[in-house]
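Here's the structure we're looking at; comments come further down.
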Amino acid sequence: MVALGSILLVTSSNWLSVYLAIELPTLSLFILAAQKGGSGHSAESGLKYFVLGALSSGLFLFGCALLCGLTGGASIPCIDLVLNQGANQMLDSSALVGISPDPSGVMTPIGSLLITVALLFKLSAAPFHMWAPDVYDGAPTTTTALLAIVPKVGIFSILVSIGPVVNILLICAIFSMIVGAIGALNQTKIKRLLAYSGIGHMGFVLWGIEIGSFESIQASLIYMVLYVTMSICIFAIILALGVIKNLIVEFSGLSRREPALAITLALTLLSTAGIPPLVGFLGKWLVLLSGVVYQYYLVSILAVVCSVIAGVYYVRVVKIIYFQADSSLLIGLKTLKKENRINLRKSLLIGASLYLIGFTIVSPNLLLQLAHWATVGLF
């Protein structure tokens, strides 16, 4: 149901189908987040996701009602036409004394703003991120992986269709970079750390959409593809290891127990941090290049600073993997735990995602060409 909703969201062309495609995975993820029987933490995460999801759905429907009432239709392509007409009407009316502007010139951006805010809730972008760390931590790891990966691709396409609205994407991009960099510094649980990491990465994606050029949207799409690929690899490794309490210190001594998984996880985390010459650096460099070309100098400096700060907690996890010995408590827990064998499906998932990461490092031309074709289809 989650995958079907995301596929329908990408192919939707009117607001009714967009709403149904968003709610289909939302209801499924609410059930999956609360399915851990006997766990109050899981029930709490499911309830938080349900309540805030209902709030964002209400904002989305209200915005759709405004847009559909003003355009006379539910088709997404009508928005750009009406936005341009409303802007022209406001300019023409302001030039004439005593003539008030057409209300559609004011109400249409409000409708787009409400829809954008609702989508930013689903994207867990700051300052609409308050649900993400708690839901990621309380939900089962498989559900957390779905929350972190699947819904964001479809929502990206809808945000590109709407375009930047009254600089809301730029504001959220800046907040997301700051919150994602600082919020994860004191985290002790891996899923909460990945929640703040995702918030920071969404800041870069939103920044590219806010710039609005063909090159910046292509850079955001490349960044999104790389983020999804690296997230799949990280969550597959977490599931394969079967961590007990989802603590970061549970990865201590991994290099001696599972050297192949240790090097894979370390390379993926360093790539997520954007350390050259790994693929994460390619995504950040393309978005930063678009920002510099279009004179977003202060935001570019802030993005670099936040990337450096965020690199600290990725390197800290790598340090724990290779240079920290197991504590006595963790040794006791691992002794009582049944040995977790890595099955074929997890091995194939880890291997495929690692292959894509490695292939992109060696030859990024294929990804760049595919992103170019996909961006042409978005315009």
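These values consider heavy atoms only, across backbone and side chains, with no hydrogens, waters or symmetry-generated copies. Fair warning: this is a prediction, and the values are worked out from it, not measured in the lab.
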When you compare the side chain of [Y] with that of [X], does any pair of heavy atoms fall below 4.5 Å?
X      : Y      : value
Thr272 : Leu278 : no
Asn167 : Glu210 : yes
Leu282 : Leu286 : yes
Leu119 : Ile22  : yes
Pro25  : Val150 : no
Leu221 : Gln218 : no
Pro151 : Lys122 : no
Leu159 : Leu123 : yes

Distance (rounded to the nearest 0.5 Å) between [X] [atom1] and [Y] [atom2]:
X      : Y      : atom1 : atom2 : answer
Leu368 : Ser363 : CG    : OG    : 9.0 Å
His372 : Leu367 : NE2   : CG    : 13.5 Å
Tyr227 : Ser271 : OH    : OG    : 13.5 Å
Ile237 : Leu269 : CD1   : CG    : 8.0 Å
Leu226 : Ile222 : CG    : CD1   : 7.5 Å
Leu265 : Ile234 : CG    : CD1   : 6.5 Å

*Salt bridge Lys189-Asp137, side-chain N to carboxylate O under 4.0 Å*: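 Looking at Lys189 and Asp137, the cut-off is met.
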
Check whether [X] reaches the backbone of [Y] with its side chain - one donor and one acceptor, N or O, closer than 3.5 Å.
X      : Y      : result
Thr375 : Ala371 : yes
Thr143 : Ala139 : no
Glu23  : Leu20  : no
Lys191 : Asp134 : no
Ser124 : Leu120 : no
Ser353 : Leu349 : yes
Ser300 : Tyr296 : yes

Side-chain heavy atoms under 4.5 angstrom apart, residues restricted to Ile, Leu, Val, Met, Phe, Trp, Tyr: same cluster for [X] and [Y]?
X      : Y      : result
Phe323 : Tyr313 : yes
Ile263 : Leu354 : no
Leu185 : Ile320 : yes
Val292 : Ile174 : no
Met230 : Leu146 : yes

Provide the closest heavy-atom pair for [X] versus [Y] in the form atom of the first, atom of the second, distance.
X      : Y      : answer
Ser255 : Ala262 : CA-CB, 3.6 Å
Thr268 : Cys233 : OG1-SG, 3.4 Å
Ser45  : Ala33  : OG-O, 3.5 Å
Ser28  : Leu24  : OG-O, 3.0 Å
Ile217 : Gly212 : CD1-O, 4.1 Å
Gly203 : Ser176 : CA-CB, 3.6 Å

_Stepwise side-chain contact (heavy atoms from CB on, under 4.5 Å) check, Leu114 with Phe60_ = CA-CA 6 Å; Leu114 291 174; Phe60 186 90; over 6 Å; no

_Test side-chain contact (heavy atoms from CB on, under 4.5 Å) applied to Phe251 and Val318, Ile190, Leu261, the passing residue_ =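 For Phe251, the side-chain contact (heavy atoms from CB on, under 4.5 Å) check succeeds only for Ile190.
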
*May I ask you to check whether Phe50 and Phe30 place their ring centers less than 6.0 Å from one another?*
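Between Phe50 and Phe30, the centre distance is under 6.0 Å.
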
*Centroid-centroid under 6.0 Å between His129 and Phe175 rings*: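 No: the rings miss the under 6.0 Å criterion.
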
*How about Ser213 and Ser216: does a side-chain donor come under 3.5 Å of a side-chain acceptor?*
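Yes, because at least one side-chain N or O of Ser213 sits under 3.5 Å from a partner of the opposite role on Ser216.
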
*Any chance the side chains of Tyr314 and Ser197 put a donor and an acceptor closer than 3.5 Å?*
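Yes, side-chain donor-acceptor contact under 3.5 Å.
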
_Working note: Val135 + Glu44, criterion side-chain contact (heavy atoms from CB on, under 4.5 Å); need CA distance, chi angles, decisive distance, verdict._
CA-CA 8 Å; Val135 174; Glu44 179 187 358; over 6 Å; no

*Please assess Met224 against Met202 for the test side-chain contact (heavy atoms from CB on, under 4.5 Å), listing each intermediate value before the final yes or no.*
CA-CA 8 Å; Met224 178 67 77; Met202 288 305 104; 4.1 Å; yes

*Mind checking whether Phe128 and Phe121 have parallel, tilted or perpendicular rings, split at 30° and 60°?*
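Tilted.
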
*Which of these passes ring-ring contact (aromatic ring centres under 6.0 Å, His included) with His201: Tyr223, Tyr196, Trp207?*
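Only match with His201 under ring-ring contact (aromatic ring centres under 6.0 Å, His included): Tyr223.
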
*CA sep, side-chain torsions, deciding dist, call: Phe204, Lys284, side-chain contact (heavy atoms from CB on, under 4.5 Å)*: CA-CA 7 Å; Phe204 281 88; Lys284 290 189 176 182; 4.2 Å; yes

*For side chain to side chain donor-acceptor pair (under 3.5 Å), just list the numbers for Ser57 and Tyr19, CA-CA rounded to whole Å, side-chain angles, deciding distance to a tenth of an Å, and then say yes or no.*
CA-CA 8 Å; Ser57 297; Tyr19 174 73; 4.8 Å; no

